[in-house]
Amino acid sequence: MVQADAHGGNAMISMGQAVLFDFDTVCWAPPVWDITHLLKRAGNAENPGFTAAEIITRFDFSSAEVNAAMELRRTASLIDQAHHRFTGGQILLPQAA
């Protein structure tokens, strides 16, 4: 189970450990999915997120898991870019048979 909207605004330090909250988007997924959201927002002035090193230290993920998350985020970004080029950003719904 993952929080599915992990970012700096949904994390706090409690008893010396980073804790995620705001669970309205909880779902079943590999834990690495939450890392992609933390990295996705890194560098955004409004919500800077965490660096890969901070995620490894604060959230107890291995560097292999963080590297996998970064690749997953890159792949998701490429899919998103292709979707926007193909559809002009519109959400395409299946047609009824």
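Positions are given from 1, in the same order as the sequence printed here. Not measured: the values here are computed from a predicted model.
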- Query: Within a reach of under 6.0 Å around CD of Q81, are more than 12 heavy atoms found that belong to other residues, nucleotides or ligands?
  - Reply: yes
- Item | Shortest non-hydrogen contact between I56 and S63, atoms and distance | CD1-CA, 3.7 Å
- Item | Donor-acceptor under 3.5 Å (E71 side chain, A68 main chain) | no
